[in-house]
Amino acid sequence: MPFSLKLSAVAPLAAVLLATAGPTRAQAPAVTTVRIDATKPHQTIANFAASDAWAGQFVGNWPAAKKEAIADLLFSQDKGIGLSMWRFNIGAGSAEQGEASGIKDEWRRAESFLTPTGSYDFTRQAGQLWFMKAAQQRGVKQFLGFLNSPPVSLTATGKAYAKAGETNLPSANYAALGTYCATVVKGVQQATGITFDYLSPINEPQWDWSDGGQEGSPFRNPEIAGVAQATSAALAAQRLPTKVLVTEAGKLDYLFTAADKPGRGDQLAAFFGDKAAPTYLGGTPQVAPIIAGHSYFTTSPAATAIATRRQLAARVAALKGISYWQSEYCILGDNAGEINGGPRDLGMKPALYLAKVVHYDLAVGNAAAWQWWLAISPYDYKDGLIYIDKSKTDGVYHPSKMLWALGNYSRYLLPGAIRLDAQLADSARAGQPLVSAYKSPTGKQLITVVVNDYDTPATVQLVLSGGQLGAGKAYVTSTTADLQPAAAVPAGQPLRVVPRSVTTLVSELR
């Protein structure tokens, strides 16, 4: 949960800034030529995801027709955006505490499988379990369980949030937390037949989490290492294949610099850089070789977005075998005046902003995964893919353009797709769209995503080296289209892109 942008990773920064700066509304060039090099692969895509926090607990108990339709929008390759991973919020038990939890918004409280008597009940979190099964039935194969807080029975405060910015888990309880995590993985497996691929025990450890706004706890790097090691050991003892994911940093800067959080930042170095460091996790058997961070507060202006992601990509590349996941984002804050997190907006402005952030994270930051925050939101904020009335038992749902813009990536970039080098032939020319390109997992298709945040149409000519392009099919999200098919593009012909749109072109690759 939140607290409270390049065409090639090797392109010169000045050229990238000109190609990716915010809309100038200048007349777009007649033709944007994009040179794609199939002999220069970058990262392999792992997944696109969103989380069930917090509305899943209620919407999963809505009337069947409505919740099935919402599940289709999220997971179906035909009717929706085809997410390839689902994030399950493993609650800390604030819901059972009710008003005594100190979390005023009951929608932000969460049940726990661990009861106050110390037993486990895997009929709890039933609405969330329904969505997880619905995802599996629609083809989702990857699942991640995450904790915002340890269960209340293990915390220092007896609540699901901290006090005075101090870590809310005594070190004496690391082993107990690991056992709890492994027990939850095993219990969910037995209840649903689904085994979590990943378990993320700590969320945004840089924030204080002391205001009761939601479940949460700060952690210092040595404490994170202790929790990860204990969780890894408990999973291994249960012979579970689940991997531990770290660190869900509150913003990307904390992955490669201490910034304003000494002891909680520079997490790449702390966990995967220095083998002699007491926090080193690279040799821990069930810790995934992945560093996870959140794109909050680093997306505007374009110069900041690009510079941050270039630094992150370089640091990750220096560590062999480590990949980077962008594991949570929604539009938060004022973003240097470009767009505000509030209020809710179902239209194209936030959808185009989201698409640009995805582009920057993938094409500059080399993110192997991209994950959104609230799949379903009841709030007056730009935090949801689908919006609902704040009703626990029934209500109206509203798909947003952000849903469909994310779908321009998630439906077509399946796990195993590989990003290819893509550069504008004239990167110094302003007013051109953002373009990234990917080879499908089968190697038989080229998927090109074009983000046109201008009031003028664009014409994009793809030039491929290291392969031959055949005919293509385009899918468009715009003011009037929700990931709708457009006119076919014959082999060798340019792609026509409408104003203020996100377009995915799926071409034959010979």
Side-chain angles (χ1 to χ4, degrees), residues 5-13 15-17 19-20 34-49 84-85 245-249 251-257 266-269 271-273 282 288-296 298-299 302-329 354-372 406 409-410 412-424 427 434-441 446-449 451:
L5 283 185
K6 165 196 158 171
L7 296 172
S8 166
V10 298
L13 177 59
V16 173
L17 285 173
T20 62
V34 182
R35 302 193 186 281
I36 301 168
D37 192 341
T39 69
K40 292 183 179 180
H42 294 287
Q43 76 273 28
T44 299
I45 299 300
N47 58 67
F48 287 84
S84 45
M85 192 172 85
L245 181 73
V246 293
T247 63
E248 306 269 11
K251 62 178 179 177
L252 300 185
D253 308 69
Y254 297 135
L255 294 178
F256 59 89
T257 179
D266 206 6
Q267 295 185 312
L268 268 164
F271 300 123
F272 296 112
I290 298 165
I291 194 79
H294 301 171
S295 280
Y296 301 120
T298 63
T299 58
T304 296
I306 293 165
T308 299
R309 285 154 183 79
R310 285 174 66 90
Q311 292 180 72
L312 174 57
R315 286 289 299 275
V316 172
L319 300 173
K320 293 183 179 179
I322 302 298
S323 63
Y324 153 60
W325 284 13
Q326 192 296 116
S327 57
E328 184 183 304
Y329 181 72
L354 179 158
K356 290 191 292 185
V357 173
V358 179
H359 172 88
Y360 292 139
D361 283 327
L362 298 183
V364 183
N366 279 341
W370 203 91
Q371 300 167 4
W372 181 259
L406 179 57
Y409 293 93
S410 60
Y412 305 101
L413 301 183
L414 303 181
I418 299 172
R419 186 173 71 84
L420 301 179
D421 199 73
Q423 299 189 49
L424 295 181
S427 58
L434 306 180
V435 185
S436 57
Y438 311 80
K439 182 169 64 175
S440 70
L446 181 76
I447 298 99
T448 307
V449 185
V451 182

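Since the structure is predicted, the reported quantities are computational estimates derived from the model, not experimental observations. Along the sequence shown, the residues carry numbers beginning at 1.
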Considering all heavy atoms, the nearest A292-S327 contact: CB-OG, 3.5 Å

Side chain to side chain contact (heavy atoms under 4.5 Å, CB included) assessment of T448 paired with V435: CA-CA 7 Å; T448 307; V435 185; 3.6 Å; yes

Partner residues of W370 under the ring-ring contact (aromatic ring centres under 6.0 Å, His included) criterion, sequence neighbours left out: none

Y438-S440 side chain donor-acceptor pair, cut-off 3.5 Å: no

Any residue meeting salt bridge (charged side-chain N to carboxylate O under 4.0 Å, His left out) with D37, in chain and number order, not counting sequence neighbours: none

Contact check, side chains of L413 and I447, non-hydrogen atoms, under 4.5 Å: yes

Heavy-atom check, side chain of L414 versus side chain of P441, under 4.5 Å: yes

Residue pair I290 / I322, side-chain heavy-atom distance below 4.5 Å: no

Under 3.5 Å donor-acceptor, S84 side chain and F48 backbone: yes

Step-by-step side chain to side chain contact (heavy atoms under 4.5 Å, CB included) determination, T257 to R315: CA-CA 10 Å; T257 179; R315 286 289 299 275; over 6 Å; no

Flag for Q423-R35: side-chain donor and acceptor within less than 3.5 Å: no

Side chain proximity check, L446 to L420, heavy atoms < 4.5 angstrom: yes

Sub-4.5 Å side-chain heavy-atom contact between I418 and I45: no

Donor-acceptor pair, side chain of R419 and main chain of A437, under 3.5 angstrom: no

Partner set under ring-ring contact (aromatic ring centres under 6.0 Å, His included) for Y412, not counting sequence neighbours: Y475

Pair Q326, H294: side-chain N/O donor-acceptor within cut-off below 3.5 Å: no

Any side-chain donor near an acceptor of the partner, N366 and R309, under 3.5 Å: no

Modelled atom types, side-chain donor and acceptor of Y324 and Q43, under 3.5 Å: no

Heavy-atom side-chain contact between Y254 and D266 under 4.5 Å: no

Within-4.5 Å side-chain heavy-atom neighbours: Q267 and F272: no

K356 and D361 ion-paired at < 4.0 Å: no

